[in-house]
> 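Here's a structure for you.
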Amino acid sequence: MNSLGDFVLVSAMLFGIGIYGLVTKRNALRLLFAVEIMINAANLNFIAFGQYAPFAGGAATVSNALGQTFVLFSIALAAAEAAVILAIVVVAYRLHQDVDVSELKSMGG
Amino acid sequence: MMVVTVGSAIVALEAEEIVYGAIGLAGSLFGVATLFFLLNAPYVAVFQIAVYIGAVAVLILFTVMLVRQEKWAKEVKPKSLTRVAGILTGLAITIALALAVFAANISGLVNLSNSATYVDIGQLISTSDSPVLELLALVLAASVVAALTLSKVERREEQR
């Protein structure tokens, strides 16, 4: 527990679950869930590899903060993406009465 | 905690009711936040809880519950062949990623005792990463405008 390998393993499992969701699900909201899970897997990798380094001290502190900074940006981007996708889903539902992405042949409205 | 994180992610995708799926997603995001705490990143962990669970998960829940009708519950079951293919793909990618990382001899990496402070993060954001910050501000503003425009078009449709 709590070694770098564990965190990387959890990240890989989350990414695999996200891929599984993207492949099998046809509901637009489930696809959004899958994408969010995959984004979180990537963020977890950033933080984990920022905390672990080949050597301790010195310049390693900078790379540590860099990983966390990237994750902050990534979280903000994911929030914006979720807002836009939810708006699209609501509009698609109003237009087509359905959120099944295989039924949405045209988004022209 | 890792079991909770992965288990909630599976619940998020496999729950019958999509509302329970949204709650499972929130649980998974919370699990990732606790992993951030374990990795000496409390600032990012609190940010994750505030933004993801406070905003995104609640936004999804409200969207699901406010606009929910019978059709939302009726979800097309994927064919068993698709499901098996999906499980195989996910497993293969998980195993490939894990093998690739463990083949890189990560045991040579040590846990840094000194973690990044708020000052470090703030300095990075406001100096070398400031173009990213400004670009991110533009993207956020654009996404807000896009969401508002989409919902405005929809309201005009209603009035017709």
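First the proteins, then the strands, lettered A, B, ... as listed; each starts at 1. As the structure is a computational prediction, the values presented were derived from the model and not from experiment.
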> Establish whether B:V11 and B:I87 are linked, either directly or via other cluster members, by ILVMFWY side-chain heavy-atom contacts under 4.5 Å.
no

> Who wins among A:L14, A:V71, A:L72, A:V84 for the most heavy-atom pairs under 4.5 Å with chain B?
A:L72

> Before accepting this row, confirm whether a basic side-chain N of the pair B:E14/A:K25 lies closer than 4.0 Å to the acidic partner's carboxylate O.
yes

> With a 4.5 angstrom heavy-atom cut-off, which part of B:I95 approaches chain A: side chain, backbone, both or neither?
neither

> Which pair of heavy atoms, one from A:S11 and one from A:A41, lies closest together, and at what distance?
OG-O, 2.8 Å

> A:Q68 and B:D120: side-chain donor and acceptor closer than 3.5 Å?
no

> Please give me the minimum heavy-atom distance between B:I49 and B:A33, naming the atom from each residue.
CG1-CB, 3.6 Å

> Is B:A142 close to chain A through its backbone or its side chain, or both, or neither, when contacts mean heavy atoms under 4.5 Å?
neither

> Based on non-hydrogen pairs under 4.5 Å, which of B:V32, B:L39, B:V3 is most in contact with chain A?
B:L39

> Contact part of B:S28 toward chain A, heavy-atom cut-off under 4.5 Å: side chain, backbone, both or neither?
side chain

> Tell me if a side-chain donor or acceptor on A:S74 pairs with a main-chain N or O of A:F70 at a distance below 3.5 Å.
no

> Would you mind checking which part of B:V44 comes under 4.5 Å of any heavy atom in chain A, side chain (CB onward), backbone (N, CA, C, O), both or neither?
both

> Side chain, backbone, both or neither: which part of B:V101 has an atom under 4.5 Å from a heavy atom of chain A?
side chain

> Give, as side chain, backbone, both or neither, the part of B:L25 having an atom under 4.5 angstrom from any heavy atom of chain A.
side chain

> What part of B:I93 gets within 4.5 angstrom of chain A, counting heavy atoms only: side chain, backbone, both, or neither?
side chain

> Is the backbone of A:Y20 close enough, under 3.5 Å, to the side chain of A:T24 for a donor and an acceptor to pair up by distance?
yes

> In terms of heavy-atom proximity below 4.5 Å to chain A, should B:L133 be classed as side chain, backbone, both, or neither?
both

> In Å, rounded to the nearest 0.5 Å, how long is the span from CD1 of B:I10 to CE of A:M13?
7.0 Å

> Taking the six-membered ring for Trp, are A:Y52 and A:F7 parallel (under 30°), tilted (30 to 60°) or perpendicular (over 60°)?
tilted

> Grab the two heavy atoms, one from B:L150 and one from A:A87, that are nearest each other, plus how far apart they are.
CD1-CB, 3.7 Å

> Chain A heavy atoms under 4.5 Å from B:L91: which part of the residue, side chain, backbone, both or neither?
neither

> Heavy-atom pairs under 4.5 Å with chain A - which of B:V56, B:L136, B:V51 has more of them than the others?
B:L136

> Can you tell which of B:T94, B:I60, B:L97, B:I125 has the highest number of heavy-atom pairs within less than 4.5 Å of chain A?
B:T94

> Could you check which of A:I75, A:V8, A:I19, A:V10 has the highest count of heavy-atom pairs closer than 4.5 Å to chain B?
A:I75

> Measuring heavy-atom distances to chain B, does A:L32 have an atom under 4.5 Å in its side chain, in its backbone, in both, or in neither?
side chain

> Considering only heavy atoms, which portion of A:I39 lies under 4.5 Å from any heavy atom of chain B: side chain, backbone, both, or neither?
side chain

> So which part of B:A55 gets closer than 4.5 Å to some heavy atom of chain A, the side chain, the backbone, both or neither?
neither

> Under 3.5 Å, is there a donor-acceptor pair linking the side chains of B:D129 and A:T69?
no

